[in-house]
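Input: a single structure, listed below in structure tokens.
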Amino acid sequence: MKLIYAAALGFAALILGSCQKDKRDLKNAQPLELIPMHNEARLSDAVLNQVSLYYFINLTSTHKEYVADFGRASGTGYQQGILSSTDVASLSAGENIKTFYLAFPDGTTDTLFVDYQSVSDDEARQNACYCKQPQVSVRINGLPAIRAFYDQDSVPVYRVVK
């Protein structure tokens, strides 16, 4: 009898625990994080402070739109030379803008294909970031982006070789 009671209590706890998980708030999309490097070293602060990220509204547009929140990451990310944007997720998933341009002060530009997708709440609870706009893929100059490392929040930081 005690075994049946213990099993029933365990089953009830399992069900209550899984319901709690479904009620958690979904997170915001993970930011796009990049670390430009040259000869395996991060670029100087002077260069990193001038890097910009822009896109075009459509294929026929010639007017650049800059990603407003793109810039140096905060905290330890700043010291590591990480560039970051959370706006890219909503532009990619919400407005279907997938191609971005990373402009350096020396005049060079790298092309980024960044794919975030909008998913339902149920799908969001199944993905690793527990978010409604998971990052699907990142390509730099037509090649799959290489993760340099994960930041302290388990967000992938992609290497951009200069």
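Checked against Y116 for a side-chain hydrogen bond (donor to acceptor under 3.5 Å, both in side chains), the options K98, Q30, Q135, Q133 give a single hit: Q135.
Nearest heavy-atom pair, S92 versus V114, reported as atom, atom and distance to 0.1 Å: OG-O, 2.9 Å. Taking every heavy atom of both residues into account, G81 and P36 meet most closely at O-CD, 3.8 Å. Heavy atoms only, all atoms of each residue included: S52 and Y66 are closest at OG-CE2, 3.6 Å. Heavy atoms only, all atoms of each residue included: P156 and Y158 are closest at CG-OH, 3.6 Å. Contact record, Y54 with A103: CE2-CB, 3.9 Å, taken as the closest heavy-atom pair. R72 and D45 get closest at one heavy-atom pair: NH2-OD1, 3.0 Å.
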**OP:** Test L43 against M37 for side-chain contact (heavy atoms from CB on, under 4.5 Å), laying out the working first.
**Re:** CA-CA 6 Å; L43 299 179; M37 304 189 74; over 6 Å; no
**OP:** Could you walk me through whether N58 and T60 pass side chain to side chain donor-acceptor pair (under 3.5 Å), step by step?
**Re:** CA-CA 6 Å; N58 57 48; T60 60; 2.9 Å; yes
Original post:
Going through the checks in order, is the side-chain contact (heavy atoms from CB on, under 4.5 Å) test met by F56 and H63?
Top reply: CA-CA 6 Å; F56 297 100; H63 177 71; 5.8 Å; no
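Proximity of I82 to L34: side-chain heavy atoms (C-beta onward) are nowhere separated by under 4.5 Å. Within the 4.5 Å cutoff, no side-chain heavy atoms of L102 are placed close to those of T108.
In this structure, CG on L48 lies 8.0 Å from CD1 on I35, to the nearest 0.5 angstrom. Between S85 atom OG and D69 atom CG the span is 3.5 Å, to the nearest 0.5 Å. Rounding to the nearest 0.5 angstrom, the gap separating the OH atom in Y78 from the CG atom in L83 is 10.5 Å. Between L91 atom CG and T86 atom OG1 the span is 9.5 Å, to the nearest 0.5 Å. With rounding to the nearest 0.5 angstrom, the CG atom of D151 is 8.0 Å from the OG atom of S84.
With 3.5 Å as the limit, one finds no donor-acceptor pair spanning the side chains of D122 and S120.
Between the side chain of N141 and the backbone N or O of T111, at least one donor-acceptor pair lies under 3.5 Å. Counting only distance, with no hydrogens or angles, the side chain of R159 and the backbone of F149 share no donor-acceptor pair below 3.5 Å.
Of the charged side-chain nitrogens involved, none lies within less than 4.0 Å of a carboxylate oxygen, so that R139 and D115 do not count as a salt-bridged pair. Between E33 and R147 there is no salt bridge, since no side-chain nitrogen of the basic residue lies less than 4.0 Å from a carboxylate oxygen of the acidic one.
In the hydrophobic clustering of this structure, I57 groups with V67; members are Ile, Leu, Val, Met, Phe, Trp, Tyr whose side-chain heavy atoms approach within less than 4.5 Å, directly or through other members. In terms of hydrophobic clustering, with Ile, Leu, Val, Met, Phe, Trp and Tyr side chains grouped at heavy-atom distances under 4.5 Å, V51 and V160 are assigned to a common cluster. Under the 4.5 Å side-chain heavy-atom criterion for Ile, Leu, Val, Met, Phe, Trp and Tyr, V47 and L112 are members of the same hydrophobic cluster. The cluster map of Ile, Leu, Val, Met, Phe, Trp and Tyr, joined by side-chain heavy atoms under 4.5 Å apart, puts V88 and Y55 in the same cluster. If you chain together hydrophobic residues whose side chains sit under 4.5 Å apart, V138 and L53 fall into the same group.
Taking the six-membered ring wherever Trp is involved, the centroid distance between the rings of F100 and F113 does not fall below 6.0 Å.
F104 carries K162 over the face of its six-membered ring, with the cationic atom under 6.0 Å from the centre and within 45° of the normal.
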